[in-house]
Amino acid sequence: MRGLTAFLAGLLFGMGLLLAGMANPAKVQAFLDLAGAWDPSLALVMVGAIAVALLPMQWARGQSQALLGGAMCLPGKRAIDRPLIVGSLLFGMGWGLAGICPGPALALLLTGQAGIFLFIAAMLAGMALHTLLQRQPN
Amino acid sequence: MSIDWLHFTPWSALAGGALIGLAASLLIALNGRIAGISGLLAGALEGGEGRGEKALFILGLLLAPLLWQGFAELPAVQLDSSAVLLGLAGLLVGFGSRYGAGCTSGHGVCGLARLSPRSLLATLCFMASGFVTVFILRHVWGV
């Protein structure tokens, strides 16, 4: 059951990305291009998503268990640290360079866009690099 | 700043966003998990607790365009970046999202909806960085 709900949530998430225009890199870059012909659409994607998720997330904060059982896995970290800031700045740089973030990359994989294969291969390499560096006893 | 009214799509953006929010709400309420794509993908690939359901979420995301095509034509996908830019972008997105503990979905949607100060800061950082990067790319280098 948990597997089925996770699968359906993934499917729904992907449909939302496609409908929203988030899976169109040119549209994402048009949102990030404040000095050009600015397309504010993606701000509304965030507004729509947060408006719907706000109450469920607040509810989840007060629960110790999910509805299907198992722990409520909410991030417990509170500290504002350097990895959060540096990582997010690097992520934003990559997001701006091609207009693609992880969700849309995956939602586009099976549409057969050649460039997406390259992007995902590089993204997986970046993730693996992070895992490797984490394992190094510093 | 000039708004590109021709390409502004407020209703599909809001509706698509609402679907994303609904998917994130279902995953947190039923499975007790944050719908952060970079985190779920890492969990699905690297193993650990909940690997199976994380992989199934990712599978659903991968299959979304095929379901879409069962009903309608896929929306336009325009990807003009060169191979070098795509490779560099992918590396930065992959490394940065793991190092910063989240991406547009985990921090930008779920984190903001949780009213998490960490996610608010992360979102401000990647938005600012994205704006600056596109400015340099388009208006300084002219790519």
Side-chain angles (χ1 to χ4, degrees), chain A residues 2-3 5-7 9-16 19-20 24-26 32-33 35 37-39 41 44-45 48-50 52-54 56-57 60 66-68 70 72-73 83-84 87-98 101-103 106-107 111 115 118-119 122-123 126-127 130, chain B residues 1 3-4 7 9-10 13-14 16-33 37-38 53 56-57 60-61 64-65 68 77-79 81 85-87 89-100 103-105 109 112-114 122 125-126 129-130 133-134 139:
Chain A
R2 290 181 64 98
T5 54
F7 173 74
L11 207 52
L12 196 61
F13 197 99
M15 301 290 272
L19 178 61
N24 184 357
L32 292 174
D33 189 7
W38 189 49
D39 177 354
S41 307
L44 294 178
V45 179
I50 293 169
V52 171
L54 193 62
M57 290 291 173
L67 291 179
L68 294 178
M72 186 61 80
C73 304
L84 179 77
S88 298
L89 289 173
L90 292 175
F91 167 73
M93 219 183 274
W95 189 37
L97 282 181
C101 54
L106 295 176
T111 64
L118 176 59
F119 179 89
M123 178 174 86
M127 291 170 64
H130 174 261
Chain B
M1 179 188 291
I3 292 185
D4 183 359
H7 292 104
T9 50
L14 276 170
L19 280 186
I20 293 169
L22 181 61
S25 302
L26 287 174
L27 195 67
I28 194 74
L30 296 171
N31 293 53
R33 293 198 189 280
I37 308 304
S38 49
E53 63 183 60
L56 281 164
F57 180 95
L61 186 53
W68 182 289
V77 178
Q78 193 190 343
L79 178 57
S81 305
L85 271 186
L86 283 169
L91 270 177
L92 286 166
V93 163
F95 183 84
S97 62
R98 296 304 294 146
Y99 194 48
C103 56
T104 15
S105 48
V109 173
L112 290 188
R114 285 193 307 119
C125 284
F126 68 65
S129 170
T133 301
V134 170
H139 304 285

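Chain letters run A, B, ... following the sequence lines, proteins first and then strands; every chain starts at 1.
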**Student:** Are Ile20(B) and Phe13(A) side-chain neighbours, meaning at least one heavy-atom pair lies under 4.5 Å?
**Tutor:** yes

**Student:** State the CG-OH distance between Leu90(A) and Tyr99(B), to the nearest 0.5 angstrom.
**Tutor:** 8.5 Å

**Student:** Which heavy atom of Pro25(A) sits nearest to which heavy atom of Val77(B), and what is that distance?
**Tutor:** CD-CG1, 4.0 Å

**Student:** Ala122(B) and Leu84(A): which non-hydrogen atoms are nearest, and at how many Å?
**Tutor:** CB-CD1, 3.9 Å

**Student:** Please look at His7(B) and chain A and tell me whether the side chain, the backbone, both or neither of the residue comes under 4.5 angstrom of a heavy atom of that chain.
**Tutor:** both

**Student:** Can you tell me which portion of Ala60(A) sits under 4.5 Å from chain B's heavy atoms? Options are side chain, backbone, both or neither.
**Tutor:** side chain

**Student:** Quick one: which of Leu67(A), Leu32(A), Leu106(A), Val52(A) has the most heavy-atom pairs under 4.5 Å with chain B, could you say?
**Tutor:** Leu32(A)

**Student:** Please name the pair of heavy atoms, one in Cys125(B) and one in Leu89(A), separated by the smallest distance, quoted to 0.1 Å.
**Tutor:** O-CD2, 3.6 Å

**Student:** Which residue out of Gly96(A), Gly103(A), Gly115(A), Gly16(A) racks up the most heavy-atom pairs below 4.5 Å with chain B?
**Tutor:** Gly16(A)

**Student:** Side chain of Thr133(B), backbone of Leu97(A): donor and acceptor closer than 3.5 Å?
**Tutor:** no

**Student:** Who among Ala9(A), Pro56(A), Gly14(A) has the most heavy-atom pairs with chain B under 4.5 Å?
**Tutor:** Ala9(A)

**Student:** Please give me the minimum heavy-atom distance between Cys103(B) and Phe91(A), naming the atom from each residue.
**Tutor:** CB-CZ, 3.5 Å

**Student:** Can you tell me how far apart NE2 (His130(A)) and OG (Ser97(B)) are? Round to the nearest 0.5 Å.
**Tutor:** 8.5 Å

**Student:** In terms of heavy-atom pairs under 4.5 Å, which option from Gly70(A), Ala37(A), Gly3(A), Cys101(A) contacts chain B the most?
**Tutor:** Ala37(A)

**Student:** Under a 3.5 Å distance rule, please check whether Ser41(A) uses its side chain to pair with a backbone N or O of Thr9(B) as donor and acceptor.
**Tutor:** yes

**Student:** Determine the minimum heavy-atom distance between Gly94(B) and Met127(A), stating which atoms define it.
**Tutor:** O-CG, 3.5 Å

**Student:** Ignoring hydrogens and angles, write down the donor-acceptor pairs under 3.5 Å from the side chains of residues 23-32 of chain B, residues two or more places apart or on other chains.
**Tutor:**
{"residue": "Ser25(B)", "atom": "OG", "partner": "Gly21(B)", "partner atom": "O", "Å": "2.7"}
{"residue": "Asn31(B)", "atom": "OD1", "partner": "Thr5(A)", "partner atom": "OG1", "Å": "2.6"}
{"residue": "Asn31(B)", "atom": "ND2", "partner": "Arg2(A)", "partner atom": "O", "Å": "2.9"}
{"residue": "Asn31(B)", "atom": "ND2", "partner": "Glu53(B)", "partner atom": "OE2", "Å": "3.3"}

**Student:** To the nearest 0.5 Å, tell me how far Asp4(B) CG sits from Asp39(A) CG.
**Tutor:** 6.0 Å

**Student:** Which pair of heavy atoms, one from Leu19(B) and one from Met15(A), lies closest together, and at what distance?
**Tutor:** CD1-C, 4.2 Å

**Student:** Rounded at 0.5 Å granularity, tell me how far CE in Met57(A) sits from CG in Leu112(B).
**Tutor:** 10.5 Å

